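Here's the structure we're looking at; comments come further down.
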Amino acid sequence: MKKIVFATHNAHKLEEVRAILKNTAKIVGLADIGCHEDIPETADTLEGNAKLKSQYIYEKFGYDCISDDTGLEIEALNGKPGVLSARYAGEPSNSVNNMLKVLEEMKDKSNRNAQFRTVISLVENGKYCEFEGIVKGKISREPSGKGGFGYDPIFIPEGYSGSFAELSADVKNAISHRALAINKLVKWIRDN
């Protein structure tokens, strides 16, 4: 089975990706290859940040690598927090503060439409590919649910009455933005 580094220190993301790719590739995290530094995310797009991370690992450690960047894009906030989703409320990043900032900015907004968008960058033998996944939904008026991470407690995906944080891991892994992008990656790996 092919070994691929997933360029993340986020244990939740690593677990989610391992579950989705379990029969396709052996996924190892940054700690598994001895990479403990934070990889700079200095691009102004999700695509740019994803590529920066996979490129960094490939060039410094020599491993094939996948990396992602995900943003919550809210219509009423002109696409914000977008590429700044992880540090929307400032540094040090804190998902609870990020979520509270979004809820504060949305308190008087009737348009609650939003989407989660993930871009995955794969570098394999020096060649780059990108895969995108989008899930549309709405921003709730208050957090609900104990599962998931990040903005999951305030994002209600289309076709569901509860937030991502209220869905089982199996359901979320089947419909999420990351799952949609990873499924495109899986197809690409199988076809190539």
Side-chain angles (χ1 to χ4, degrees), residues 6-17 20 29-31 36-54 56 66-121 132-158 160-169 171-173 175-182:
F6 181 31
T8 188
H9 292 292
N10 183 319
H12 296 291
K13 276 189 186 181
L14 187 58
E15 184 179 311
E16 195 173 287
V17 169
I20 296 167
L30 292 177
H36 301 288
E37 59 261 35
D38 284 328
I39 302 168
E41 293 183 44
T42 54
D44 58 1
T45 64
L46 299 176
E47 293 82 357
N49 280 338
K51 187 172 181 181
L52 279 173
K53 292 185 281 186
S54 62
Y56 180 90
I66 59 171
S67 61
D68 79 322
D69 202 17
T70 296
L72 174 63
E73 300 169 336
I74 303 171
E75 277 184 19
L77 301 180
N78 299 315
K80 290 180 183 173
V83 73
L84 299 175
S85 292
R87 46 200 179 279
Y88 193 51
E91 295 289 349
S93 62
N94 177 306
S95 58
V96 172
N97 290 343
N98 290 337
M99 194 170 34
L100 293 175
K101 181 175 180 178
V102 164
L103 289 175
E104 176 62 26
E105 291 180 346
M106 291 293 292
K107 70 180 179 188
D108 298 325
K109 309 277 190 213
S110 58
N111 177 359
R112 314 294 291 182
N113 293 335
Q115 67 181 23
F116 265 123
R117 186 166 70 94
T118 291
V119 175
I120 291 178
S121 172
E132 180 184 67
I134 294 174
V135 63
K136 295 190 177 293
K138 298 204 177 288
I139 300 299
S140 64
R141 299 217 172 256
E142 59 186 38
S144 59
K146 301 278 186 218
F149 58 96
Y151 295 96
D152 286 357
I154 63 169
F155 184 80
I156 301 169
E158 274 184 1
Y160 293 83
S161 57
S163 74
F164 263 166
E166 295 176 290
L167 300 178
S168 72
V171 171
K172 184 186 173 197
N173 286 347
I175 67 164
S176 79
H177 45 292
R178 190 168 293 108
L180 295 172
I182 289 172

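Please read these numbers as outputs of a predicted model, since none were measured by experiment. Throughout, residue positions are numbered sequentially from 1 according to the sequence presented.
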Less than 4.5 Å apart, any side-chain heavy atom of Asn10 and any of Phe149?
yes
Between Asp68 and Val17, is any pair of side-chain heavy atoms under 4.5 Å apart?
no
Tell me whether Lys101 at atom NZ has more than 12 heavy atoms from other residues, nucleotides or ligands lying less than 6.0 Å away.
yes
Separation of Leu72 CG from Lys80 NZ (nearest 0.5 Å):
13.0 Å
Verify, without hydrogens or angle tests, whether Ser67 (side chain) and Ala7 (backbone) share a donor-acceptor contact under 3.5 angstrom.
no
Out of curiosity, Asn49 CG to Ser54 OG, how far, rounded to the nearest 0.5 Å?
11.0 Å
Distance-only, no hydrogens or angles: does the His9 side chain make a donor-acceptor pair with backbone N or O of Glu37 under 3.5 Å?
yes
Residues that Glu75 engages under side chain to side chain contact (heavy atoms under 4.5 Å, CB included), provided they are two or more places apart
Asn111, Asn113
Flag, side chain of Asn98 to backbone of Tyr151, donor-acceptor distance under 3.5 Å:
no
Measure the acute angle between the ring planes of Phe164 and Phe155, then classify it against the limits of 30° and 60° as parallel, tilted or perpendicular.
tilted
Among residues at least two apart in sequence or on other chains, which ones pass salt bridge (charged side-chain N to carboxylate O under 4.0 Å, His left out) with Glu166?
none
Mind listing the closest non-hydrogen atom pair of Lys172 and Gly148 along with its distance?
NZ-CA, 4.5 Å
Pairwise side-chain contact, Ile39 with Leu52, heavy-atom cut-off 4.5 Å (strictly under)
no
Working to the nearest 0.5 Å, report the span between OG1 of Thr118 and CZ of Arg178.
5.0 Å
Any side-chain heavy-atom pair from Val102 and Pro81 closer than 4.5 angstrom?
yes
Would you find a donor on one side and an acceptor on the other, under 3.5 Å apart, between the side chain of Thr8 and the backbone of Leu14?
no
Roughly how far apart are Asp152 CG and Ser95 OG, rounded to 0.5 Å?
9.5 Å
Closest non-hydrogen atoms of Leu167 and Pro157, given as atom of the first, atom of the second and distance, are CD1-CG, 4.1 Å
What pair of heavy atoms forms the shortest contact from Ser140 to Arg112, and how long is it?
O-NH2, 2.9 Å
Counting neighbours of CD on Glu142 that are heavy atoms of other residues, nucleotides or ligands and sit closer than 6.0 Å, is the number greater than 12?
no
Please report the closest heavy-atom contact between Gly150 and Pro153, naming both atoms and the distance.
O-CD, 3.5 Å
Taking all heavy atoms of Ala43 and all of Gly48, pick out the closest pair and write down the distance.
CB-C, 3.4 Å
Glu104 and Lys107: salt bridge (charged side-chain N to carboxylate O under 4.0 Å, His left out), yes or no, with the steps?
CA-CA 5 Å; Glu104 176 62 26; Lys107 70 180 179 188; 2.8 Å; yes
For Leu103, which residues count as a side chain to side chain contact (heavy atoms under 4.5 Å, CB included) partner, sequence neighbours excluded?
Ile139, Pro143, Ile154
So Glu73 and Leu46, do their side chains get closer than 4.5 Å, heavy atoms only?
yes
If you measure from NE2 on His177 to CD1 on Ile120, what distance do you get to the nearest 0.5 Å?
9.5 Å
Between Thr45 and Asp69, which heavy-atom pair has the shortest distance, and what is it?
O-OD2, 4.3 Å
Kindly compute the distance separating CD (Glu41) from CG (Asp44), expressed to the nearest 0.5 Å.
13.0 Å
